[in-house]
Amino acid sequence: MSALRIAQSLVDEIVAHAREDAPNECCGMVGGVDGEARTVHRAENAEASPLRYSIDAKEQFRLMREIEEAGEELTAIYHSHTKSAAYPSQTDVNLAGWPDAVYLIVSLADPEAADLKGFWIRDGKIADAELLVG
Ligand SMILES: [Zn+2]
């Protein structure tokens, strides 16, 4: 499982989305090439909830097409935790359906210092994904 390279500007975009949608969780997809993130695609949280997120099937299809048309592949899926740490909840694990994408979680638990972490979620198991930011 390789590291995910992501530019600080993309991290900033994800954090900005999290702040805009708080107190609800935000979510979206990240397109990339060869393990390097390139584009952030915001999704609407169909749950509109502070505790969970989902992207409806139509929106997933639309975003996947945007990513593919840019010559990229789905590299990461992100969502926010507005009150808890940047670590997958049991719900996140149960709903994780993309074994080849990094799950990025941005925590706003400390409003002054957003925390972004990456994980692989495969077969119900969580492993840290290294993020190379810059
Ligand atoms: Zn979560």
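Each ligand, and each atom within it, is numbered from 1 in the order the structure gives. Numbers here simply count residues along the sequence, with the first being 1. Every value quoted in this text rests on a predicted model; they were computed, and no experiment measured them.
Ion pairing between Glu68 and Arg65 fails under the 4.0 Å rule for side-chain N and carboxylate O.
Put simply, Glu25 stays out of reach of the Zn ion (ligand 1), with no N, O or S atom under 2.8 Å from it.
Side-chain contact check for Ser80 and Glu25: no donor-acceptor pair (N or O, by modelled atom type) lies under 3.5 Å. Neither side chain, Asp12 nor Ser9, offers a donor N or O lying under 3.5 Å from an acceptor on the other.
Other residues, nucleotides and ligands contribute at most 12 non-hydrogen atoms within 6.0 Å of the CD atom of Glu44.
Within Asp92, the N, O or S atom lying nearest to the Zn ion (ligand 1) carries the name OD2. Taking the Zn ion (ligand 1) as reference, the nearest N/O/S atom within His79 carries the name NE2.
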